[in-house]
Every structure is written in C-alpha cells, then in structure tokens.
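Working notes, beginning with the structure itself.
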Amino acid sequence: MTEQTFEPKANDELVCLILHAQHLINAQTLYRQDISEQFNLIFQPEGEQLICPISDQQVASADFPAWLGQFQSDSNRRELGDVIFVAIGTMLQLWSLRQ
C-alpha cells in the first residue's frame, strides 16, 4: 500500500517531466552529452538530500532509488495510475545515469 505522504503532482506536469527526462536520457546515452545541469534542476540536490521530482518530497540521496522503487508494484500501479508509474520508472532510469 502506498504511504499517505506520497502525493504526486498532476498528470500533465508528470507527462512533461517524463518527456524531459527521456530527452535527457537519450542525450546522455546516445550522444554522450553532459546532462549534469539539467539533472540538478530536476532533482535539486542539496548536500545529502534531493527533491523527488514526482512528489516534491525531500528524500535522502542514498535512499532515493529504494524509496521511489517501493511504489513500483502492480498494486501501486493500479492505485497511482499509469502516468505516475511511468514517471517513477523514468526517474529511476534518469537517476541511474548519474550514479
């Protein structure tokens, strides 16, 4: 079950976030472009914390993949919806490029 504290942004904002993140993933993986500046704008890292771009929650950087990954289950997909589920997967993919 999804924690009550996870309150995603509106679907239209998430679709824009997904498209932007996919563009950055392609830029990094296909064209080897430096996406550091855009990455920092999306995740807003500050010390050991970052802002989850899906819900605007502050999360420890080291815990981010596990924290966000907990919402990638079939039951959460039904509860949260497809757009949020895709946004989670996309943010995890983008995060993995910078590790």
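Since this is a predicted model, take the numbers as computed values, not measurements.
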query: Looking only at heavy atoms, what is the nearest atom pair of Leu68 and Cys52, with distance?
result: CD1-SG, 4.3 Å
task: Taking salt bridge (Lys or Arg N to Asp or Glu O under 4.0 Å) as the test, write out the residues that go with Asp82, two or more places apart.
output: Arg77
field: Distance in Å, Ile84 CD1 paired with Glu7 CD, rounded so as to fall on 0.5 Å steps
entry: 11.0 Å
- prompt: Of Thr90, Leu92, Val86, which is the lone residue that meets side chain to side chain contact (heavy atoms under 4.5 Å, CB included) with Ile88?
  reply: Leu92
message: Applying salt bridge (Lys or Arg N to Asp or Glu O under 4.0 Å) as the test, list every pair that has at least one member in residues 57-67; sequence neighbours left out.
response: none
field: Sequence neighbours excluded - salt bridge (Lys or Arg N to Asp or Glu O under 4.0 Å) pairs with any residue from residues 45-60
entry: Lys9-Asp56
task: State which residues pass side-chain contact (heavy atoms from CB on, under 4.5 Å) with Gln58; sequence neighbours excluded, sorted by chain then number.
output: Gln49, Ile51
Atom of Leu41, atom of Gln44 and distance for their closest heavy-atom approach: O-CG, 3.5 Å
- prompt: How about Phe71 and Leu80: do any of their side-chain heavy atoms sit closer than 4.5 Å?
  reply: yes
message: Going by ring-ring contact (aromatic ring centres under 6.0 Å, His included), name the residues that satisfy it together with Phe43, two or more places apart in sequence or in a different chain.
response: Phe39, Phe64, Trp95
message: If you apply the rule side chain to side chain contact (heavy atoms under 4.5 Å, CB included), what do you find for Ile35 with Arg98, and how did you get there?
response: CA-CA 9 Å; Ile35 61 169; Arg98 303 305 302 161; 4.2 Å; yes
- prompt: What is the minimum heavy-atom distance between Gly47 and Ser61, and which atoms define it?
  reply: O-OG, 4.5 Å
Just list the side-chain donor-acceptor pairs under 3.5 Å for residues 12-30, sequence neighbours left out, or say none.
{"from": "His20", "atom 1": "NE2", "to": "Gln38", "atom 2": "OE1", "distance (Å)": "2.9"}
{"from": "Asn26", "atom 1": "ND2", "to": "Gln22", "atom 2": "O", "distance (Å)": "3.4"}
{"from": "Thr29", "atom 1": "OG1", "to": "Ile25", "atom 2": "O", "distance (Å)": "2.7"}

statement: For Pro65 and Ala62, the nearest pair of non-hydrogen atoms, with its separation, is CD-O, 4.0 Å
